[in-house]
Structure formats: C-alpha cells, structure tokens
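The figures that follow rest on heavy atoms only: side chains count, while hydrogens, waters and symmetry mates do not.
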Amino acid sequence: MGDRNEIFDLGSDAFHGIEQRLGMSRRDYLQFCATLAVTMGLPKGADAAVAKAIETSQRPSVIWLHFQECTGCSESLLRAEHPTLEKLILDVISLDYHETLMAAAGHQAEAARKDAMKTHKGKYVLVVEGAIPVKDNGIFCKIGGHTAIDLVKECAADAAAVIAIGSCASWGGMPSTGPNPTGASSVAEVLGKPVVTIPGCPPNPYNFLATVVHFLTFGKLPDVDKLGRPKFAYSRLIHENCERRAHFDAGRFAMEFGDAGHRQGYCLYKLGCKGPETYANCSTIGFGDAGENNWPVGCGHPCIGCSEKGVGFTKPIHQVATVINIVPPQQYPRIVEEQGKGASFASAAALAALAGAAAGAAVMLTRNLGLSHAASEAERAKVEGKSNDQAQV
C-alpha cells in the first residue's frame, strides 16, 4: 500500500515544488493526503502512496461533458477548498475540456476536446454531468451539431475510465422524472456498460476528487457497489451516522417545521426524511468546507434522497421513508395520529339510551341480588328449624 518513509524520499525539493504548485504548506499537504486516504477508506500508510502519486505521477487528462443538467455538480466543485478549484484543475488533474470553466468557445473548444482525446488516447478520464436524452434520436440535446448520444459514445470509446457525476448522469435524476418527455437516461444505459457513478444533487466534490486521486494513485478506480457507486462514499445509510439519530432511537420526532422538537434538533423522520433509505456520506463529510453539519438535515430540512434512484425526484419530499434496516419500536407514536370528532345529537342520544339501559340493568341486578339473598336466608332458616325439631324428638 505504501510506506510513510516514501513521503520523505521525495526530498525537500519535491516538497518545495508541492508548496509552489498547490499553495499548501508541507503540513497542510500531508493532512490533505491523509484526508483523501481516510475518505476512500484506505488502510494505514495509504496517505504516503497518495502523496507520492500526486507529486510524481502525470496529471490525468479529464474531459468533462455537460448534457441535461443545471451545472450544479460543477458549482459544487467550485466550492472545494482543499485544494481550491484552480489548484485542482491545473495541478492535481488536467481539465482539458469543460464547457463552463474553459476559456475557449465554439470551434476552439471542440478542437481542444479532440486534441485531448488524441493526445491522451486510452489514458484520459471522461466525466459526464447530466442525463442524456434518447427519445427521437437525441434531438433534445446537441453540442457543436452533435447529439449527446454521439458525443458520449465518441468520448467514451478511448477513455481509461468513465465517471458519471451527479444524479442526472448516474440514473436520470430530475430530467427523467415522469412523464420524461425527452427520454432522459443515464450514462450507463446509453453506453450499455457499467460506469462509476457519483450520484447526488449535487454530489460532494470530495467524493469525485477522491475517486480521481484513487485512479491516479493505484491506476484503477475504487471498488463500487452494484449501482457503480464508490463503496467508500455510498456503502452506509445516511441514517446510520446522522447527528439526529439518537432522537430517532429515543422516539423524539419533530412533527411540524418550527415546533419545539424541530427547534431542539429532534429527528426529522416524520417530516419525510429519506435518510433511512438513502446511501451516501453526506452526514459525515458535509458540504462547502463549513463542517459536517453543513448538509440538509444539519440545516433543519429532511433529506430528500437525491442520491438514490426511486427515492429522490420520485417520492414526495414529505412522504415518510421506508426504513431499510432499522425499525422503530411499536410503542413509538404513529406517523399520523387519528383525530377525534365531536359527538352528534344522534350519537349523544344513543349514548344516553345506552347509559339509561345500563343503569336500569344495574338496578335490576341489584334487586335480583337482594331477592336471591333473602330467599337463600329463608331457606337456610327453614332447614335449621327442621333440624332443631328432629333433635328434640
């Protein structure tokens, strides 16, 4: 995996180069590498391999395509701070084509894409943002006169790795919501083969960065689940590591936005939180380098399950989640409590009649009990009298 001594084998000149390239001190750089190693779930010592790879390996060429999307995934990347965007795209990777961030436009932009594909044939990383419309031969999305279908197939043909970033590229996302008039589809569906998917709306930029650095360090992409998601980021339910989980276990739930429970940080399950059925690391990594609480639930809004196909953009936001592996005890309050109604005149009259009948029955029962007792006493006295007469004779 790697030896920490390998870091120091780079020499002081190499570290000076790192400081110049990334604008990071030696300490910050080593912390950055250790953070990436931990994010990827790598064993002890992996930070050494990450540090050496970033410094000595050739920066991977990245071609980034945009299709049916809102550019939110790129916007999320813009907010990365360790390293900052310009350090990431100029020093950690070589972002050779990105319609939003590149200076070139028109024919120059297309020429840059083709040149990168030719120069780095079989070695570049293809990143796709946005769903791909397939209805009517893909006429709903064209770039440079070419449909999204043709572009993604052309660029994927000689790519060393294909990464679908965001829920739209991963499984169709928002554009594929019914009735899906454009036939919005995922990258894997169009290519007809599995790809690495980093779903989310938007996904955390460090999940993307860690995936690329893993490829840079080990020459291969990280282990993925059956949906193509890196296991280091999508192997655990959000619910398992949520800061409100203790309230769920204790049966403390916010019932309305702004109520006492909501203000005190109670569980948002009853407000429709999809954390119990969504796999992602939002609750542990946070967004925008503002701390682990900087995510929807940390800000007081239920998780909408944006990274989970069949949940995000499919289930209503406030519909109660399907709890996959943790079921609340039966004594917890129900999601929707039944509300009583005022008694009508007829029901009140019926109740009074029942009450009267019950009272009458009680009187009769008491009377009968009294008669029965008197009769039994008389019978007993009669028997005792006969016994005395026989004794005298």
Side-chain angles (χ1 to χ4, degrees), residues 35-36 38-42 60 62-80 85 88-89 92-93 95 98 100 124-132 152 155-156 159-176 185-191 193-218 220-238 278-288 295 303-313:
T35 300
L36 284 182
V38 171
T39 300
M40 291 184 282
L42 299 177
V62 175
I63 296 176
W64 190 303
L65 301 179
H66 289 263
F67 298 127
Q68 285 181 303
E69 39 77 21
C70 65
T71 318
C73 302
S74 293
E75 288 289 341
S76 178
L77 189 68
L78 290 172
R79 280 132 182 93
L85 178 67
L88 169 64
I89 66 178
V92 177
I93 64 175
L95 190 61
H98 189 294
T100 304
Y124 63 85
V125 176
L126 174 64
V127 180
V128 181
E129 179 179 355
I132 302 170
V152 74
C155 294
V162 180
I163 300 175
I165 187 168
S167 294
C168 296
S170 296
W171 48 266
M174 175 67 79
S176 68
S185 306
S186 69
V187 177
E189 290 173 323
V190 173
L191 295 180
K193 64 178 183 180
V195 301
V196 175
T197 62
I198 305 179
C201 192
N204 195 295
Y206 291 112
N207 291 338
F208 167 74
L209 177 59
T211 300
V212 173
V213 170
H214 190 287
F215 178 78
L216 177 65
T217 304
F218 304 107
K220 63 178 183 178
L221 292 166
D223 292 337
V224 298
D225 64 11
K226 62 182 180 180
L227 300 178
R229 302 176 296 189
K231 290 183 178 179
F232 69 80
Y234 299 93
S235 62
R236 304 291 295 273
L237 289 168
I238 286 178
T278 301
Y279 290 89
N281 58 356
C282 304
S283 56
T284 58
I285 206 169
F287 284 81
W295 67 294
C303 163
I304 67 169
C306 69
S307 63
E308 202 72 37
K309 184 177 182 180
V311 179
F313 313 115

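- Within the model, atoms CG of L191 and OG of S185 stand 11.0 Å from one another, a figure rounded to the nearest 0.5 Å.
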- Take W64 and I165 through the test side chain to side chain contact (heavy atoms under 4.5 Å, CB included) and record every step on the way to the result. CA-CA 10 Å; W64 190 303; I165 187 168; 3.8 Å; yes
- Does the side chain to side chain contact (heavy atoms under 4.5 Å, CB included) test come out yes or no for C201 and M174, once each step is laid out? CA-CA 9 Å; C201 192; M174 175 67 79; over 6 Å; no
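- Judged as a salt bridge (charged side-chain N to carboxylate O under 4.0 Å, His left out), and not counting sequence neighbours, the contacts of E308 are R229.
- Donor-acceptor pairing under 3.5 Å is recorded for the side chains of N207 and N281.
- Here the side chain of S235 pairs no donor or acceptor atom with the backbone of F232 at under 3.5 angstrom.
- When every heavy atom of Q68 is checked against every heavy atom of P175, the shortest pair comes out as O-CG, 3.7 Å.
- Relative orientation of the H66 and H98 rings is perpendicular, given thresholds of 30° and 60° on the angle between their planes.
- Of the possible polar contacts, one joining the S167 side chain to the C306 backbone as a donor-acceptor pair under 3.5 Å is found.
- Contact record, A131 with G172: CB-O, 3.8 Å, taken as the closest heavy-atom pair.
- Among residues two or more places apart in sequence or in another chain, the salt bridge (charged side-chain N to carboxylate O under 4.0 Å, His left out) test is passed with D223 by none.
- Side-chain contact between W171 and T197 is absent, with no heavy atoms from C-beta onward closer than 4.5 Å.
- Listed by first and then second residue, the salt bridge (charged side-chain N to carboxylate O under 4.0 Å, His left out) pairs involving residues 65-75 are E75-R79 (not counting sequence neighbours).
- Side-chain contact between F208 and S76 is absent, with no heavy-atom pair separated by less than 4.5 Å.
- Here the closest heavy-atom approach between residue D225 and residue Y234 is recorded as OD2-O, 4.1 Å.
- Of the inter-residue distances, the one linking F67 atom CZ with E129 atom CD reads 10.5 Å to the nearest 0.5 angstrom.
- The two atoms that bring G305 and T278 nearest to each other are CA-OG1, 3.3 Å, heavy atoms only.
- In this structure, the side chain of S186 engages the main chain of E189 through a donor-acceptor pair within 3.5 Å.
- For the pair S170 (side chain) and S307 (backbone), a donor-acceptor distance under 3.5 Å is absent.
- When all heavy atoms of I163 and V212 are compared, the pair lying nearest together is CD1-CG2, 4.3 Å.
- Residues T211 and P230 approach most closely at OG1-CG, 3.8 Å, considering heavy atoms.
- Contact check for W295 versus I238: side-chain heavy atoms found under the 4.5 Å cut-off.
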